[in-house]
Amino acid sequence: MDRTTALQRLNATVAAGRPVIGGGAGTGISAKSAEAGGIDLIIIYNSGRYRMAGRGSLAGLMAYGDANAIVMEMANEVLPVVKDTPVLAGVNGTDPFRVMGRFLDEVKSAGFAGVQNFPTVGLIDGTFRANLEETGMGFDLEVDMIRQAHERDLLTSPYVFDPEQATAMAEAGADVLVPHMGLTTKGSIGASTALTLDESVERVQAMRDAAVAVNPDILVLCHGGPIAEPSDAQYVLSHTEGIVGFFGASSIERLPTEIGIREQTERFKAVTFD
């Protein structure tokens, strides 16, 4: 699916008063099931593989594999089973071993409709983050990756972590902006250190307002931290202005899998015999 068609669909969804829902897919069955449920965007990236292997999503930021190579491998599993939903690639924009423009051409040729900046240094803070910025592996490279993707007519849906980044990504041509509230809570490998929902409301709104000042047509979704369940997303959408949906990764595939398999097993264990 091309960027124009994907954007027309997303805008039509919003115009109809329905939320835009994006979801991460670490396996083919996750993508297939999410599409059956009516999802609007599917994103695949290395954390999906780790997450569905029972590891925390932050494994995607560690040196456990080549993130950009992994997403291209996952494409072979996910893209063939998705029939009519735009699929985005999580691209590691700070990867010093890729000529980014050439890699984005490969992403487009593989059949991806767009990109998201993941893994992202936006999830890293403190001295380590400062050192990454000082040594040429900073967030500005992720902004530049989004700019190059936009130039190639790929749908762009970047994560941002503060209003300044929201402004920069909007200026780079972001179509869909995803204010990120941190590692998702809940479940067996969810975070326990997180913002509150009310703190998330304030941060999401500030990032949305910064982006809309640059591009009034940008679509803004919420994601992460305490926004883990449908009721959490409803709270954020009800207490913000101009937020038109939710993007979930753990929320879409990990939490339902954990709950569904456990409960199904419990039901089987309740079967009796004489």
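Keep in mind the model is a prediction, meaning the values are calculated, not measured. Just so it is clear, the values below take in all heavy atoms, side chains as well, and ignore hydrogens, waters and symmetry mates.
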Checklist entry - Does the pair Ile259 and Arg262 meet the rule for a side chain to side chain contact (heavy atoms under 4.5 Å, CB included), with working shown? => result CA-CA 5 Å; Ile259 295 167; Arg262 184 185 68 245; 4.3 Å; yes
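- Glu142 meets the side chain to side chain contact (heavy atoms under 4.5 Å, CB included) test with Thr94, Asn117, Thr120, Val121, Phe139, Met169; sequence neighbours excluded.
- For the atom pair CG of Asp175 and OG1 of Thr156, the computed distance is 4.0 Å after rounding to the nearest 0.5 Å.
- In terms of hydrophobic clustering, with Ile, Leu, Val, Met, Phe, Trp and Tyr side chains grouped at heavy-atom distances under 4.5 Å, Val99 and Phe97 are assigned to different clusters.
- Contact check for Tyr50 versus Met62: no side-chain heavy atoms found under the 4.5 Å cut-off.
- Using a 4.5 Å heavy-atom cutoff, the side chains of Cys222 and Ser200 are not in contact.
- Using modelled atom types, no side-chain atom of Arg49 and backbone atom of Gly26 make a donor-acceptor pair closer than 3.5 Å.
- Under a 3.5 Å cut-off, the side chain of His239 and the backbone N or O of Tyr235 do form a donor-acceptor pair.
- Under the 4.5 Å side-chain contact rule for hydrophobic residues, Met74 and Met52 do not share a cluster.
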| request: Go through the steps to decide whether Glu133 and Phe128 satisfy the test side chain to side chain contact (heavy atoms under 4.5 Å, CB included), and finish with yes or no. | output: CA-CA 9 Å; Glu133 298 287 345; Phe128 184 39; over 6 Å; no
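- Atom OG of Ser47 sits about 8.5 Å away from atom CG of Leu123, to the nearest 0.5 Å.
- One distance of note links OG1 of Thr240 with CE of Met207; it measures 12.0 Å at 0.5 Å rounding.
- Among pairs with a residue in residues 202-213, those fulfilling side-chain hydrogen bond (donor to acceptor under 3.5 Å, both in side chains) read Gln205-Asp209, at least two apart in sequence or across chains.
- Here the side chains of Ile218 and Val176 are not in contact, with every heavy-atom distance at 4.5 Å or above.
- Remark: Asn76 engages no residue in a side chain to side chain contact (heavy atoms under 4.5 Å, CB included) (not counting sequence neighbours).
- No chain of hydrophobic side-chain contacts below 4.5 Å, direct or via other Ile, Leu, Val, Met, Phe, Trp or Tyr residues, connects Ile43 to Ile29.
- Residue pairs meeting the salt bridge (Lys or Arg N to Asp or Glu O under 4.0 Å) criterion with at least one partner in residues 97-114, sequence neighbours excluded, are Asp66-Arg98, Asp95-Arg98, Asp105-Arg152.
- Residues in residues 76-86 take part in these salt bridge (Lys or Arg N to Asp or Glu O under 4.0 Å) pairs, two or more places apart or across chains: Arg9-Asp84.
- Scanning for side chain to side chain contact (heavy atoms under 4.5 Å, CB included) contacts around Pro256 gives an empty result, with sequence neighbours left out.
- Counting only heavy atoms from C-beta outward, the side chains of Leu41 and Thr85 never approach each other to under 4.5 Å.
- Residues passing the side-chain hydrogen bond (donor to acceptor under 3.5 Å, both in side chains) test with Asp140, sequence neighbours excluded: none.
- For Gln165, the side-chain hydrogen bond (donor to acceptor under 3.5 Å, both in side chains) test picks out no residue, with sequence neighbours left out.
- Residues forming a side-chain hydrogen bond (donor to acceptor under 3.5 Å, both in side chains) with Arg18 (at least two apart in sequence, or on another chain): none.
- Within 6.0 Å of CD in Glu263 there are more than 12 heavy atoms belonging to other residues, nucleotides or ligands.
- Linking Ile, Leu, Val, Met, Phe, Trp and Tyr whenever their side-chain heavy atoms come within less than 4.5 Å leaves Met1 and Val71 in two separate clusters.
- Here CZ of Phe118 is found 14.0 Å from CG of Leu88. Values are rounded to the nearest 0.5 Å.
- Using a 4.5 Å cut-off on side-chain heavy atoms (C-beta onward), Met100 and Leu141 make no contact.
- You'll find the side chain of Ser250 reaches within 4.5 Å of the side chain of Ser57, heavy atoms only.
- Side-chain contact check for Pro119 versus Tyr45: every heavy-atom pair is 4.5 Å or farther apart.
- With sequence neighbours left out, Asp125 forms a salt bridge (Lys or Arg N to Asp or Glu O under 4.0 Å) with no residue at all.
- Contacts of Tyr159 classified as ring pair (Phe, Tyr, Trp, His ring centres under 6.0 Å), with partners at least two apart in sequence or in another chain: His180, His223, Phe247.
- In this view, Glu164 satisfies the side-chain hydrogen bond (donor to acceptor under 3.5 Å, both in side chains) rule with no residue, not counting sequence neighbours.
- With contacts defined as side-chain heavy-atom distances shorter than 4.5 Å, the pair Val160/Leu177 qualifies.
- Taking the charged nitrogens against the carboxylate oxygens, Arg147 and Glu151 have no contact shorter than 4.0 Å, which rules out a salt bridge.
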